[in-house]
Every structure is written in structure tokens, then in C-alpha cells.
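Working notes for the structure below.
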Amino acid sequence: MKKNTKKKNSVLTNESNNGIFPTFKSEKNRIRYISNNYGDMSIAEAFTKYYDLEPIENINPAYDKVIEMVPGKVYLANIKSLEKGNITFELPGVNEEIICIENLNSHLDALRNYAMRYNNTMYFEVREIKKDKVYVSVLNGYYRIWEHRILTYAQQKTPIKVHINSLVKGGYSCSTKIDEINGLLGVDSYICNVFIPGSHIILNIENDFEKWLDEDVYIIPDKFVDFRVDKFNRQVEKSLIGSRKKYLQFQGQRNIYDLYQKNQLVEKMNSEPITLDGKVTGIINSAKKTGVFIEIPDMYITGLMPVNGVSDLVNYHPGDDILVKIKEFETIEGAQPFVVDKESGELRKCNTRIVFEVA
């Protein structure tokens with residue numbers, strides 16, 4: 001985490017309700033679902049459920065159990081004091097004084113607005129416990145919430161937006177906004193480093209790597225790795241590794257699904273076959289298959305076009321434009337062509353690929 005000086009739930013959660021793959025087909029359906037599933041929850045409960053966090057101690061005035069604060073754990077607590085140089089918290093069951101270690105004086109107005117929106121509560125991570133005082137980090141708490149969300153995105157292959165800053169050894173150095181911290185402080189400047197391997201910037205092979213500099217792209221996050229380690233302050237800055245190629249592959253699967261449905265209608269109506277503008281990306285000559293790989297650039301789809309013999313392969317070269325039509329949809333044996341979420345209608349898995357022929 002750094003500041004940019006340049007400028008298992010059945011309930012719907014944040015990772016499934018992003019702006020790229022909307023879960024609901026209409027705003028009316030979304031409002032009805034949220035009301036039914038979140039209407040009886042407190043703000044703290046809804047926040048925890050929506051971000052799929054580990055159970056966090058509830059704010060309950062009647063709570064009389066002693067809580068043992070644990071360094072490294074994230075808690076939700078009431079704000080006791082939110083003044084210049086003095087941000088403290090209170091949590092039923094905790095007798096120690098809870099003190100924020102960060103100087104957030106320049107963000108007091110934003111923090112007060114946040115407190116009003118969220119019932120005077122805030123998250124923090126416990127950093128150190130000394131006698132009758134517990135020292136906590138608000139920024140670390142919201143970073144941990146963001147990190148958990150990104151790891152959930154990685155599991156569910158949900159994309160995030162990143163900005164490509166520069167070419168580095170092996171790929172691209174990028175950045176993405178830490179929305180949870182930025183939303184808390186009312187800024188737009190907290191970011192995380194992101195690395196995209198050069199082989200994962202497009203679907204197939206890229207020859208012009210510089211064309212992506214200073215571009216915003218969507219990627220599927222993969223994992224966090226240590227980027228900078230400050231042993232003296234026991235701080236580790238992490239970098240996120242992600243793949244634009246995986247994002248494009250999923251977009252392509254959605255387009256295959258749409259083409260599959262259109263092709264069924266074409267066959268039923270005995271209409272003219274669907275034609276597509278393709279580009280040759282390579283050839284294959286093996287004991288089982290001989291053919292040409294065709295990419296449909298606008299749809300992020302790559303399929304095989306079989307040819308009659310090896311001698312025909314010399315007629316195709318990488319980069320050649322070609323007009324193709326759909327010959328068939330080849331599906332994994334014993335599997336359904338597509339797995340679709342029954343409730344949302346969204347594609348979850350694609351088990352088929354397109355076989356092309358010359359149009």
C-alpha cells in the first residue's frame with residue numbers, strides 16, 4: 001500500500017456486484033434483493049457481510065464479555081474521540097485505551113463524514129499492546145478489507161481496473177486504487193503496485209509492448225507478493241500480480257456463449273451462417289490436428305480452422321486477415337457447453353470452443 005503523490009455466503013456480496021459483470025438485469029430486481037437480504041442487518045453487519053469479512057466483534061452496548069485484543073486482527077469499534085491529534089476508540093469488553101497511531105489530522109472532515117454515514121463506527125488493525133493501551137492502525141484495517149476483497153476477486157475471477165505506468169523487466173509496472181482507504185479519507189491517492197507479465201497483456205502474442213503505456217486496462221488479480229520490506233518498522237509493502245489475458249479470455253467466453261445462442265437460431269431458421277473478421281495467429285501440425293489458429297480480435301476469441309493437409313498450411317501467415325464462419329462448437333466430452341447461474345443468468349463456465357472454416 002502506498003500513497004500516489006502524482007495524483008461463504010448465499011447473500012450477494014461486493015465481489016459479485018461489480019460494475020463490469022452486473023448481477024441483476026434491472027435496478028428494480030437489485031433493490032428488491034438487497035432489501036430482502038440486508039434490510040434487517042445493522043450497518044456493521046451489512047458491511048461485514050457485503051465485503052465477506054471474517055467475523056468481527058459486534059457493537060453491542062449490552063456486551064459484557066471481556067475481549068482479548070490480538071495484534072494483527074481487524075476489529076470494528078465505536079469512535080470515542082475524533083479530534084486533531086486524538087483519535088480513540090471504545091469497544092465493549094475492552095478495558096484498555098484504544099489509540100490510533102496515524103496522524104490523520106488533514107482528513108478529519110472526511111473521517112467525520114464517514115463516521116456519520118456508518119453509525120460512528122470504524123475499522124482498525126491492532127498493531128501493538130502495551131500495558132493499558134492498545135495502539136491501532138486505521139489505514140491498515142481498511143487496507144486489509146481491500147486486500148481481502150481483491151483475494152476474493154482472484155478466486156472468483158472478477159476483474160479490477162489498473163493503470164499501466166511503465167515497462168519493467170518481464171512485464172508492466174502498474175497501479176490500482178485502494179478504494180476502501182480512499183473512501184474513508186475522501187481522497188483518490190492511495191494505490192497498490194501491480195505487475196502484469198508481458199505475456200499476459202493480450203490474448204495471444206504482443207509485438208508492440210509500448211502501446212500499452214499510460215493505459216487503463218482490466219485484469220484478473222492473482223496473488224500478492226512482497227514488494228518492499230521495511231524490517232526496522234516491521235512493514236511490508238505488497239505488490240499485486242494480475243493478468244489481462246485471463247480477463248480477455250473470460251470476455252471471449254461470454255462472446256462464445258452469445259454466438260452459440262445466435263448460431264442455434266441461425267440453424268433453426270436455416271439462415272445464412274454467421275461470418276466473422278479474423279486474423280491468423282499461428283498454425284498447428286500434429287498427429288491429431290492440422291490447422292490454423294484464428295483470432296476474432298473484437299471478440300477476444302481464438303479458435304482452430306482445420307485444413308485438409310500440411311501443404312495447405314503454407315497459405316496462412318501470422319497477421320493475415322481472413323473471413324471465417326462457424327463450422328461447429330466443440331464441447332468437452334460429458335460436459336454441458338456452458339454453466340450459467342440460475343438466479344442471475346450470468347455465465348460461470350465455458351466448456352466449448354469454436355471450430356472455424358473459410359467463409
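The basis for the numbers below is simple: all heavy atoms, side chains too, and nothing from hydrogens, waters or symmetry mates.
Listed for the Asn105 side chain is no donor-acceptor partner under 3.5 Å among the backbone atoms of Lys84. With hydrogens and angles ignored, the 3.5 Å screen pairs no side-chain donor or acceptor of Thr176 with any backbone N or O of Cys192. Looking at Asn120, its side chain never comes within 3.5 Å of a backbone N or O of Asn78 through a donor-acceptor pair. Side-chain atoms of Ser173 do not come within 3.5 Å of backbone N or O of Val168 as any donor-acceptor pair.
Between Arg254 and Glu346 there is a salt bridge, since a side-chain N of the basic residue sits under 4.0 Å from a carboxylate O of the acidic one. Between Arg127 and Glu125, at least one side-chain nitrogen of the basic residue sits less than 4.0 Å from a carboxylate oxygen of the acidic one, meeting the salt-bridge criterion. Using a cut-off of 4.0 Å between Lys/Arg side-chain N and Asp/Glu carboxylate O, Arg149 and Glu180 are scored as salt-bridged.
Using a 4.5 Å cut-off between side-chain heavy atoms of Ile, Leu, Val, Met, Phe, Trp and Tyr, Met269 falls into a hydrophobic cluster with Leu265.
Between Asn165 atom CG and Ser175 atom OG the span is 4.0 Å, to the nearest 0.5 Å. Interatomic distance, Ile79 CD1 to Tyr114 OH, rounded to the nearest 0.5 Å: 8.5 Å. Rounded to the nearest 0.5 Å, atoms NE2 (His200) and OH (Tyr172) are 13.0 Å apart. For the atom pair Ile283 CD1 and Tyr316 OH, the distance stands at 11.5 Å (nearest 0.5 Å). Residue Asp179 holds its CG atom at 12.5 Å from CD1 of Ile145, rounded to the nearest 0.5 Å. Rounding to the nearest 0.5 angstrom, the gap separating the CD1 atom in Ile296 from the CG atom in Leu203 is 11.0 Å.
Among residues two or more places apart in sequence or in another chain, the salt bridge (Lys or Arg N to Asp or Glu O under 4.0 Å) test is passed with Asp312 by none. Evaluation of the salt bridge (Lys or Arg N to Asp or Glu O under 4.0 Å) rule for Asp216 yields no partner, not counting sequence neighbours. By the salt bridge (Lys or Arg N to Asp or Glu O under 4.0 Å) test, Lys246 pairs with no residue at all, sequence neighbours left out. For the side-chain contact (heavy atoms from CB on, under 4.5 Å) test, residues two or more places apart in sequence or in another chain that qualify with Val70 are Lys73, Tyr75. For Lys289, the salt bridge (Lys or Arg N to Asp or Glu O under 4.0 Å) partners at least two apart in sequence or on another chain are Glu330. In this structure, Glu215 has no side-chain hydrogen bond (donor to acceptor under 3.5 Å, both in side chains) partners at least two apart in sequence or on a different chain.
Within 6.0 Å of the NZ atom in Lys177, the count of heavy atoms belonging to other residues, nucleotides or ligands does not exceed 12. Counting heavy atoms of neighbouring residues, nucleotides and ligands inside a 6.0 Å radius, atom OH of Tyr300 does not exceed 12 of them.
A continuous path of ILVMFWY side-chain contacts below 4.5 Å connects Val94 to Val136, so both sit in one hydrophobic cluster. A continuous path of Ile, Leu, Val, Met, Phe, Trp and Tyr side chains, each step under 4.5 Å between heavy atoms, connects Met69 with Tyr123, placing both in one hydrophobic cluster.
Every pair passing side chain to side chain donor-acceptor pair (under 3.5 Å) that includes a residue from residues 204-214 is listed here, sequence neighbours excluded: His163-Asp214, Asn204-Glu295, Asn204-Thr302, Glu206-Trp212. Among pairs with a residue in residues 266-277, those fulfilling side chain to side chain donor-acceptor pair (under 3.5 Å) read Asn263-Glu267, at least two apart in sequence or across chains. Among residue pairs with one or both ends in residues 337-359, those qualifying as ring-ring contact (aromatic ring centres under 6.0 Å, His included) are Tyr257-Phe338, Tyr260-Phe338; sequence neighbours excluded. Screening residues 99-109 for salt bridge (Lys or Arg N to Asp or Glu O under 4.0 Å), with sequence neighbours left out, gives Asp109-Arg112.
Looking at heavy atoms from C-beta onward, Leu213 lies in side-chain contact with Ile164 at the 4.5 angstrom threshold. By the 4.5 Å heavy-atom criterion applied to side chains, Leu304 and Val292 are not counted as neighbours.
In this structure, Tyr190 has its ring center no closer than 6.0 Å to that of Tyr142.
By the 30° and 60° cut-offs, the orientation of the rings of Phe224 relative to Trp146 is perpendicular.
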Quiz: residues 318-329 side-chain donor-acceptor pairs under 3.5 angstrom, not counting sequence neighbours:
from, atom 1, to, atom 2, distance (Å)
Asp320, OD2, His317, N, 2.9
Asp320, OD2, His317, ND1, 3.2
Asp321, OD1, Lys279, NZ, 2.7

One pair to check against side-chain contact (heavy atoms from CB on, under 4.5 Å): Leu276 and Leu259. What are the steps and the verdict? CA-CA 11 Å; Leu276 302 164; Leu259 285 173; 4.2 Å; yes
